[in-house]
Structure formats: structure tokens, C-alpha cells
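Each residue takes its place number in the sequence, starting with 1.
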Amino acid sequence: MAWTEETSFQQWLEDFYPVAAAQGITRETYAQAFAQVQFPDPKVIAKANFQPEFKSTLWDYLDARVNPRSVDMGIKMRQLHSTTLTRIEQQFGVRQEILLAIWSMETSYGRILEKESRLHYVPQALATLAYADKKRSNFARKQLIAALQILQSGDVEPSGLKGSWAGAMGHTQFIPTSYLAYGVDMDGDGRRDIWNTIPDALATSANLLEDNGWQTGKTWGYEIIAPDNGIQFEGQTKTLRQWTDLGFIRTRKRAFPRPADKAELKFPAGVEGPAFLMLRNFFVIKRYNNSDFYALAVGLLADRIGGGGRMAQAWPRPAGALNIDEKFALQKCLKEKGYYNGEIDGYVGKGTRNAIRLVQRLNGMPQTGEPDREFYRYICK
């Protein structure tokens with residue numbers, strides 16, 4: 001069936017109702033959910049099929065997420081929501097800076113939710129994927145049932161059931177099944193409102209982490225300096241005392257506060273890059289998003305929001321590559337000269353690369369779109 005045919009999609013919706021009904025969804029809820037839906041969401045199909053122009057390296061990934069802007073915003077949000085964060089930390093045992101870092105990573109402290117063009121009506125988005133995307137059909141069908149259960153529970157009106165193209169919802173981006181499992185009504189108004197109520201959203205994240213084994217009072221990991229032969233131990237788990245005996249030293253000559261804690265050795269950027277000893281909480285963060293990049297970014301950002309300094313060691317960037325401060329400066333120069341109208345956020349994405357290509361084209365340079373140091377010196381001279 002062609003997904004662009006309204007009759008085919010409408011037939012799919014009708015055929016899916018018995019599946020929803022078997023999970024307790026009433027005909028009234030189903031009709032309410034799809035009252036304004038006639039077609040699949042074409043933007044969901046486009047996003048599902050999108051292939052990134054370039055794959056981000058670890059340092060580029062971290063630059064876009066752990067930078068002066070995200071740190072400053074985190075500090076402001078900690079002050080603004082201090083009472084809420086303290087209550088959540090006391091109830092769930094999760095360090096408040098970790099919750100702020102997750103909030104930053106997921107929706108830039110809620111700013112993405114203000115961009116209506118980035119949001120999708122969740123039942124339509126999930127029905128679109130279930131109908132038109134074979135790879136994601138099973139996932140989408142399961143999430144669609146959960147979204148209908150959320151609607152039927154009364155936690156949110158249909159008009160408020162907005163999320164990403166794949167159904168992630170609210171300030172801290174929960175897919176419907178995870179929302180049902182971990183949703184918290186922190187403000188006590190009778191609804192688990194992760195879309196509009198920051199206490200509910202942050203408490204829901206804390207609930208997920210606690211339920212998956214968060215260790216209160218402990219950190220996520222340590223940046224370390226590895227001995228010359230350290231790479232041979234990558235992936236192994238030992239106590240911090242044992243790692244110390246093997247020559248692994250915490251940066252800035254700091255001691256490990258609990259030498260009996262167990263940690264796994266990781267070289268996230270390879271042997272030429274910094275090494276880390278990851279504790280249990282690192283792997284709990286991965287239950288939120290199963291990516292080492294993600295968990296490392298959350299940990300580093302949380303530490304910075306909490307008053308910690310930058311990493312002691314540099315990432316093995318290629319010769320001529322810009323660091324995060326230079327990326328901010330590059331965007332500022334491009335904007336001041338009229339080539340770039342996006343945000344100055346240190347993220348070298350499509351908009352920044354197109355601006356670089358424009359300058360290169362106008363000045364007879366190879367149109368690479370790459371933010372290297374030679375271009376930086378040219379545009380910021």
C-alpha cells in the first residue's frame with residue numbers, strides 16, 4: 001500500500017483498532033485520538049529515512065552538548081528550580097546535576113519544546129511509522145498502544161500529546177512505554193505532566209534512574225591517566241585500588257574517594273585519547289540512552305554544572321580541527337558578517353556548514369564546509 005493514499009491509511013487505522021481494544025483502549029479514546037488525523041505525517045517519513053550528512057566524532061558530539069552555553073544554562077536552571085531539585089534528590093537519591101544534564105541533552109532545558117515545527121502529534125507519528133516503516137513497525141505499534149493508554153488515563157489532552165517523530169515526549173523525552181513505567185506526578189495535581197510541568201519531568205527521569213540501580217552519593221566515573229600499556233586492560237572491571245596498583249592515576253593527582261568501588265576501563269576515543277574508569281552509575285545513565293557518547297556527555301556536563309572544571313586531557317582532534325571555544329567564535333564571526341543566521345551554540349551542523357560553503361564559494365575556495373583552523377583564521381581575521 002502506498003502511504004500517501006488516504007484511504008489506505010484510514011483502513012489501517014480501522015484495522016488496528018481491535019489490537020488497541022485488546023489492550024483496553026475504548027472506541028471513544030481511539031476516535032478522540034484520531035479525530036483530526038487523515039493522512040500519515042510526511043515529516044515523520046522524511047525524518048525516519050534521513051541519513052546524516054556526516055557522522056559526528058566524539059569530540060564534536062561533546063562540544064555540541066558540553067560547552068559554556070549548556071553549563072551556564074544548567075547553573076541558572078539549578079538556581080531557578082532549586083526547591084524542586086532538592087525534593088527530587090531527597091526522594092529518589094539522584095544527584096540534581098545529573099537530572100539537569102539529561103534535561104539539557106534531551107530538550108536544551110525545554111527550549112526545543114517551544115519550537116512547534118520540531119514537534120509531532122504522537123498518535124499520528126507512531127501510526128505513520130507503524131503503517132509505513134517496516135523497520136520500526138513493531139516498535140511503533142507497541143508505542144502507539146502506550147500513547148493511547150496515556151490519553152485514556154487523562155494525564156494529557158490530545159492537543160498536548162506532542163513529541164518527536166519517533167514518539168519521545170516532554171522535557172526529558174520519554175517514549176510512551178517508559179512514561180507509563182516511570183511517570184511521576186511530582187507536583188501532586190493528579191497528572192503526570194512531563195510536557196508542561198518541570199517537577200514531573202525531572203522526577204520521572206529520576207525515577208527511571210533509581211529503578212535501574214542508581215547508587216546514591218556516588219559519581220558516574222573518573223577521568224584518568226593510563227600507563228603506556230593501559231589499552232590492554234580496556235573493558236576489564238577491577239576495584240579502583242587495583243587500577244591504581246596497575247598505574248592508572250586520577251587526573252590532577254586526586255585520590256579516589258572509595259578505592260573499593262568497582263569500575264570498568266574505557267578509552268572512548270581510542271588509545272590516543274583520554275581514559276576513564278566508569279562506575280555503576282555510568283551504566284545506569286545508559287538505560288536512558290544506550291550510548292557511551294550520551295552517558296559520557298551527561299556525566300561531564302553534570303560535573304561542570306556542579307562546579308567542576310574542564311577535562312584535564314585533550315581529545316585527539318585532527319590537525320587543524322577547532323576546539324569548542326573556537327567553534328563558538330567561528331559562528332559569531334560568520335553571523336557578524338552576515339553569512340549565518342542560526343544560534344551561536346558551538347554546534348557545527350547543517351546551518352554552520354552551509355555558511356562556511358557560502359563563504360568558500362564567494363571567495364574561490366574549495367567548498368568543503370569544514371570548520372578547520374585555516375578557515376577560522378580567514379573569517380575571524
Chemist: Side chains of Asn363 and Tyr378: donor-acceptor distance under 3.5 Å anywhere?
Modeler: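 Note: Asn363 and Tyr378 side chains meet the donor-acceptor criterion.
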Chemist: Is a side-chain donor or acceptor of Asn281 paired with a backbone partner of Val284 at a separation under 3.5 angstrom?
Modeler: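 No; judged by distance alone, with no hydrogens or angles, the pair does not exist.
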Chemist: Does any N or O in the side chain of Trp220 come within less than 3.5 Å of the main-chain N or O of Gly299, such that one atom is a donor and the other an acceptor?
Modeler: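 Confirmed, Trp220 side chain pairs with Gly299 backbone.
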Chemist: Within the side chain of Asn207, is there an N or O that forms a donor-acceptor pair under 3.5 Å with the backbone of Tyr182?
Modeler: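 Pair found, side chain donor or acceptor close to backbone of Tyr182.
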Chemist: Which heavy atom of Ala147 sits nearest a heavy atom of Leu161, and at what distance?
Modeler: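 So the two residues come closest at O-CD2, 4.0 Å.
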Chemist: Would you tell me whether Ser70 and Ser104 have side-chain atoms, one donor and one acceptor, within less than 3.5 Å of each other?
Modeler: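 Absent: no donor and acceptor within the cut-off.
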Chemist: Can you tell me how far NZ of Lys43 sits from OG1 of Thr128, rounded to the nearest 0.5 angstrom?
Modeler: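 Thr128 OG1 to Lys43 NZ: 12.5 Å, rounded to 0.5 Å.
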Chemist: Determine whether the aromatic ring centres of residues Phe9 and Phe39 are separated by less than 6.0 angstrom.
Modeler: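 Between Phe9 and Phe39, which both carry aromatic rings, the centre distance is not below 6.0 Å.
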Chemist: Does Thr57 use its side chain to pair, donor to acceptor, with the backbone of Asp60 at less than 3.5 Å?
Modeler: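 It does hold such a pair.
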Chemist: Using a strict 4.0 Å threshold on nitrogen-to-oxygen distance, state whether Asp63 and Arg317 make a salt bridge.
Modeler: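 Result for this pair is yes, salt bridge flagged.
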Chemist: Without swapping roles, check the side chain of Tyr121 against the backbone of Ala33 for a donor-acceptor pair under 3.5 Å.
Modeler: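 Side chain of Tyr121 to backbone of Ala33: a pair is present.
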Chemist: Do the ring planes of Tyr288 and Tyr294 sit parallel (below 30°), tilted (30 to 60°) or perpendicular (above 60°)?
Modeler: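 Answer is parallel, since the angle falls under 30°.
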Chemist: Take Arg304 and Glu97, measure what salt bridge (Lys or Arg N to Asp or Glu O under 4.0 Å) needs, and give me the verdict at the end.
Modeler: CA-CA 9 Å; Arg304 293 280 300 280; Glu97 288 84 6; over 6 Å; no
Chemist: Could you report the tightest heavy-atom contact between Val122 and Gly163, atom names first, then the distance?
Modeler: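 Nearest heavy atoms, Val122 then Gly163: CG2-N, 3.5 Å.
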Chemist: Would a 4.5 Å heavy-atom cut-off, applied to side chains only, mark Phe375 and Val359 as touching?
Modeler: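 SC-SC contact between Phe375 and Val359 confirmed.
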Chemist: Once you round to the nearest 0.5 Å, how far does NE2 of His81 lie from CG of Leu202?
Modeler: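 Between atom NE2 of His81 and atom CG of Leu202 there are 7.5 Å.
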Chemist: Could you walk me through whether Asp155 and Arg192 satisfy the salt bridge (Lys or Arg N to Asp or Glu O under 4.0 Å) test, starting with their C-alpha distance in whole Å, then the side-chain angles of each, then the deciding distance to 0.1 Å, before giving a yes or no?
Modeler: CA-CA 6 Å; Asp155 279 336; Arg192 299 172 294 174; 2.9 Å; yes
Chemist: Is atom CG of Asn341 surrounded by more than 12 heavy atoms (other residues, nucleotides or ligands) closer than 6.0 Å?
Modeler: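 Check fails, neighbour count at 12 or below.
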Chemist: Do you know the tightest heavy-atom contact between Ala140 and Leu126?
Modeler: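 Residues Ala140 and Leu126, closest heavy atoms: CB-O, 3.4 Å.
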Chemist: Any carboxylate oxygen within less than 4.0 angstrom of a Lys/Arg side-chain nitrogen, looking at Lys266 and Glu264?
Modeler: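 Looking at Glu264 together with Lys266, the answer is yes, because their closest N to O distance falls below 4.0 Å.
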Chemist: Verify the neighbour count for atom NZ of Lys332: are there more than 12 heavy atoms of other residues, nucleotides or ligands below 6.0 Å?
Modeler: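 No, NZ of Lys332 has 12 or fewer neighbouring heavy atoms, counting only those of other groups under 6.0 Å.
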Chemist: Could you tell me whether Asp185 and Arg191 have a side-chain N and a carboxylate O separated by less than 4.0 Å?
Modeler: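 Salt bridge flag = no for Arg191 with Asp185.
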Chemist: State whether a side-chain donor-acceptor pair under 3.5 Å links Gln38 with Gln10.
Modeler: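 No, Gln10 and Gln38 have no side-chain donor paired with an acceptor closer than 3.5 Å.
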Chemist: Do the side chains of Tyr347 and Thr352 get nearer than 4.5 Å, heavy atoms only?
Modeler: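 Contact flag for Thr352/Tyr347 side chains = no.
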Chemist: Inspect the contact between Arg111 and Glu343 and indicate whether a charged nitrogen and a carboxylate oxygen are less than 4.0 angstrom apart.
Modeler: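 Answer for the salt bridge query: yes.
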Chemist: Does any N or O in the side chain of Gln173 come within less than 3.5 Å of the main-chain N or O of Gly170, such that one atom is a donor and the other an acceptor?
Modeler: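 Between the backbone of Gly170 and the side chain of Gln173 there is a qualifying donor-acceptor contact (under 3.5 Å).
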Chemist: Parallel, tilted or perpendicular, judged at 30° and 60°: which one describes the rings of Phe16 and Trp12?
Modeler: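 Taking Trp12 first and then Phe16, their aromatic rings lie parallel (interplane angle under 30°).
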Chemist: May I ask you to check whether Thr29 and Thr26 show a side-chain donor-acceptor distance below 3.5 Å?
Modeler: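 On atom types as modelled, these side chains qualify, holding a pair under 3.5 Å.
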Chemist: If we count only N and O atoms by modelled type, under 3.5 Å, do the side chains of Glu89 and Gln96 hold a donor and an acceptor together?
Modeler: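 Glu89 vs Gln96: donor-acceptor pair found between side chains.
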Chemist: Less than 6.0 angstrom from the centroid, inside 45 degrees of the normal: does Arg27 satisfy that with respect to the ring of Tyr17?
Modeler: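 Yes, cation above the ring, under 6.0 Å and within 45°.
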Chemist: For Arg78, look at atom CZ and say whether over 12 heavy atoms of other residues, nucleotides or ligands are found less than 6.0 Å away.
Modeler: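 Yes - once you tally the heavy atoms of other residues, nucleotides and ligands closer than 6.0 Å, there are more than 12.
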Chemist: How close do Met105 and Ala297 get, heavy atom to heavy atom, and via which atoms?
Modeler: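 Looking at all heavy atoms of both residues, the shortest contact is CE-CB, 3.7 Å.
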Chemist: Any side-chain to backbone donor/acceptor pair from Gln36 onto Ser159? Under 3.5 Å, distance only.
Modeler: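 Judged by distance alone, no pair lies under 3.5 Å.
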Chemist: Do you know which of Pro123, Ser178, Pro176 makes side chain to side chain contact (heavy atoms under 4.5 Å, CB included) with Gln143?
Modeler: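 Checked Pro123, Ser178, Pro176 against Gln143; only one passes side chain to side chain contact (heavy atoms under 4.5 Å, CB included): Pro176.
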Chemist: Look up atom CG in Leu100 and atom CD1 in Ile305, then write down how far apart they are to the nearest 0.5 Å.
Modeler: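 Leu100 CG to Ile305 CD1: 5.0 Å, rounded to 0.5 Å.
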Chemist: May I have the step-by-step check of salt bridge (Lys or Arg N to Asp or Glu O under 4.0 Å) for Arg373 and Glu326, ending in yes or no?
Modeler: CA-CA 9 Å; Arg373 184 155 282 106; Glu326 292 166 335; 2.6 Å; yes
Chemist: Between Gln313 and Thr251, do the side chains contain an N or O donor and an N or O acceptor separated by less than 3.5 Å?
Modeler: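 Note: Gln313 and Thr251 side chains miss the donor-acceptor criterion.
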Chemist: Quick one: do the Asn138 and Arg141 side chains pair a donor with an acceptor below 3.5 Å?
Modeler: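 Absent: no donor and acceptor within the cut-off.
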Chemist: Calculate, to the nearest 0.5 Å, the distance between atoms CD1 and CD belonging to Ile102 and Glu106 respectively.
Modeler: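 CD of Glu106 is found 7.5 Å from CD1 of Ile102.
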Chemist: So, is the end of the Lys335 side chain (NZ or CZ) under 6.0 Å from the ring centre of Tyr339 and within 45° of the ring's axis?
Modeler: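 Ring-cation test returns no.
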Chemist: Nearest 0.5 angstrom please: Ser137 OG to Leu129 CG, how far?
Modeler: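 With rounding to 0.5 Å, OG (Ser137) is 9.0 Å from CG (Leu129).
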Chemist: Check whether any side-chain heavy atom of Ile231 lies under 4.5 Å from a side-chain heavy atom of Phe267, and answer yes or no.
Modeler: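 With C-beta onward as the side chain, the pair touches.
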Chemist: Whether Arg65 engages the ring of Tyr61 as a cation-pi pair (distance to the six-membered ring centre under 6.0 angstrom, angle to the ring normal within 45°) should be assessed.
Modeler: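 Yes; both conditions hold, so Arg65 lies above the ring face of Tyr61.
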Chemist: Just say parallel, tilted or perpendicular for the rings of Tyr109 and Trp103, cut-offs at 30° and 60°.
Modeler: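 If you compare the ring of Tyr109 with that of Trp103, the planes turn out perpendicular.
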Chemist: Any heavy-atom pair between the side chains of Asp41 and His120 that's under 4.5 Å?
Modeler: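 Yes. Closest side-chain heavy atoms under 4.5 Å.
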Chemist: Would you say the side-chain atoms of Ser108 pair up with the backbone N or O of Ile112, donor to acceptor, closer than 3.5 Å?
Modeler: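 Side chain of Ser108 to backbone of Ile112, a donor-acceptor pair under 3.5 Å: no, none is there.
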Chemist: Do Thr172 and Thr107 have side chains that approach each other closer than 4.5 Å (heavy atoms only, starting at C-beta)?
Modeler: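 The answer is no; the side chains never approach within 4.5 Å.
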Chemist: Would you call Lys47 and Asp133 a salt bridge, using N to O less than 4.0 angstrom?
Modeler: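 Salt bridge: no.
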Chemist: Does Trp243 use its side chain to pair, donor to acceptor, with the backbone of Ala263 at less than 3.5 Å?
Modeler: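 The answer is yes, because a donor-acceptor pair under 3.5 Å joins these two groups.
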Chemist: Would you confirm whether Ser164, through its side chain, and Ala166, through its main-chain N or O, come within 3.5 Å as a donor-acceptor pair?
Modeler: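 Flag set: sc Ser164 to bb Ala166 pair under 3.5 Å.
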Chemist: Taking the six-membered ring for Trp and the single ring otherwise, decide whether the centroids of Tyr179 and Trp195 are under 6.0 Å apart.
Modeler: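 Yes, close enough.
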